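Position 1 is the first residue of the sequence, and the numbers go up from there. Everything numeric in this text was worked out from a predicted model, so none of it was measured.
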Amino acid sequence: MHRLYAWLRGRPMVVDGAWAALVVLLSLVSQYREESWHRIGYFAITALIGCLMVVRRRWPTLAVTAGLGLGLLQVGLGIAPQGSSIGYLVFTYTGAAFGTQWVSRLALTGGLLAGPLAVLEEHWTQGDSTPTGRSAAQQVFVGALLSTPFILCWAWGRLTRVRRAYLTELEDRAERLERERDAQAKVAVAAERARIARELHDVVAHNVSVMIVQADGAAYVMDNSPAQAKEALATIATTGRQALVEMRRLLGLLRTADTTEEYVPQPSVQELPELLEQVRTAGLPVEFSTSGTPRELPRGVELTVYRIVQEALTNVRKHGGPNVSARVAVDFGDRDLNVVIEDDGRGSTDEQLANGGADGQGHGLIGMRERIGMVSGSLDAGPRPGGGFRIRAVLPLRAGR
């Protein structure tokens, strides 16, 4: 039944043709007493009404205007309403449901005039010698009563038009919501990819730089101090394993459906001493200090602080030059958390600060700004007076849960 309904819905002329054939058949078998020439005219009008009913939805303007003309012609010829007059009700409905605004008004006007014209046609047919036996008030009532079905059909057509417009609006809204959902999904995927790219950059840049420094040191002291070379190789192995663990964790997010951070352990401020110890082992002296009252921080702020310190110290090792040292200061304020990372190395050029990231130089600063922006903070990075480089991050604090 569903397939049959869908097939018929896609072929409205077939349905209209079936109804038209039924109306024409009932009209032809009905009994009436007109003269022969009336009978011929009635057959012609019936055939035209049937044809117009078939094409009424494809050409509603033609069906309504031609149907109104046939109705006036039937009144003019004095042909009484018969079974085919049902078609006039169909044309009134068609004008309201499928026609333009002026066609709808024309259908309503024709429906309002149908009853009075039928009363006048009856009066003309009977003539003055055969009175109708009704008073003027009764004739007005009969005319209004005959127009009622046309008005009801017109109202039904308007209701159909409104319902069809409402369904169309719902379909458009569903398609629009689907497009918006797809767009939001793409944005979410892009944001997740950017987050994972930042994580991978921090992990790889930090750990690989430590491994490079240790490998260079091991090669330098291999002959003179095998013990130090062995210690450096052990640090390389430990750092490589740690990098692999973090990379597996990040790549595992891409393979699972649940990618929320609620179930993934993230580095925090409490792990900064371990990070600084690893950096000192790699040969970079780092001084660490805290001020204020330490307290629980939002999860996003914890990760941002850790990654900023990690990336800043990685940049010190890569760009600070020989005999460089660094200082990390964390200040727990009432409303903000201030993090300062500075060194006494050779710093960075203005060109690297302005065009960083195009060739890999300065990409860490871009990642820092993105991380700070995600927690509505601010970042100030640039050469330090007297030499070196200084990074200051200010992150807004919220009460921890």
Side-chain angles (χ1 to χ4, degrees), residues 6 10 164-209 242-269 271 296-312 314-315 318 336-337 339 352-381 391 393-401:
R164 189 170 62 250
Y166 176 71
L167 293 177
T168 302
E169 177 65 23
L170 288 181
E171 293 177 356
D172 294 340
R173 182 181 180 184
E175 293 178 359
R176 184 169 62 253
L177 291 177
E178 185 176 359
R179 290 194 298 267
E180 292 177 358
R181 183 191 62 187
D182 294 341
Q184 292 175 357
K186 291 180 181 179
V187 171
V189 170
E192 183 67 13
R193 291 181 61 184
R195 186 188 71 83
I196 294 176
R198 288 193 298 268
E199 295 289 326
L200 286 175
H201 172 268
D202 294 339
V203 170
V204 173
H206 172 73
N207 291 285
V208 171
S209 62
Q242 181 181 355
L244 286 176
V245 170
E246 294 194 35
M247 291 182 65
R248 289 194 185 102
R249 175 181 61 81
L250 292 174
L251 295 177
L253 296 177
L254 300 177
R255 300 190 182 99
T256 58
D258 298 330
T259 57
T260 59
E261 298 181 2
E262 296 295 332
Y263 306 97
V264 180
Q266 298 287 358
S268 62
V269 177
E271 298 180 23
E296 184 181 358
L297 301 176
R299 200 178 293 266
V301 174
E302 292 267 6
L303 178 61
T304 300
V305 172
Y306 184 91
R307 292 306 187 193
I308 287 177
V309 174
Q310 183 184 50
E311 179 61 30
T314 300
N315 289 339
K318 291 167 60 178
D336 300 322
L337 177 68
V339 181
Q352 289 177 341
L353 291 175
N355 302 321
D359 57 352
Q361 301 294 329
H363 186 76
L365 291 177
I366 297 176
M368 290 183 193
R369 297 188 188 279
E370 292 178 350
R371 286 187 180 277
I372 292 292
M374 292 178 64
V375 294
S376 302
S378 61
L379 180 71
D380 182 22
I391 295 176
V394 180
L395 299 92
L397 296 181
R398 294 175 295 179
R401 296 183 181 179

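Using a 4.5 Å heavy-atom threshold, the side chains of Thr304 and Val339 count as separate. Side-chain contact check for Arg181 versus Leu177: every heavy-atom pair is 4.5 Å or farther apart.
Paired with Leu395 under the rule side chain to side chain contact (heavy atoms under 4.5 Å, CB included), one option of Asp336, Val305, Leu379 passes, and it is Val305.
Rounded to the nearest 0.5 Å, atoms CD (Glu169) and CZ (Arg173) are 8.0 Å apart.
When all heavy atoms of Glu302 and Val269 are compared, the pair lying nearest together is OE1-N, 2.7 Å. Of all heavy-atom pairs spanning Arg369 and Ala381, the tightest one is NH2-CB, 4.3 Å. Ser378 and Ile372 get closest at one heavy-atom pair: N-CG2, 3.1 Å. Considering every non-hydrogen atom in both Met368 and Ile308, the closest pair reads CE-O, 3.8 Å. Closest heavy-atom contact between Pro396 and Val375: CG-O, 3.3 Å.
Gln184 is linked by a side chain to side chain contact (heavy atoms under 4.5 Å, CB included) to nothing, counting only residues two or more places apart in sequence or in another chain.
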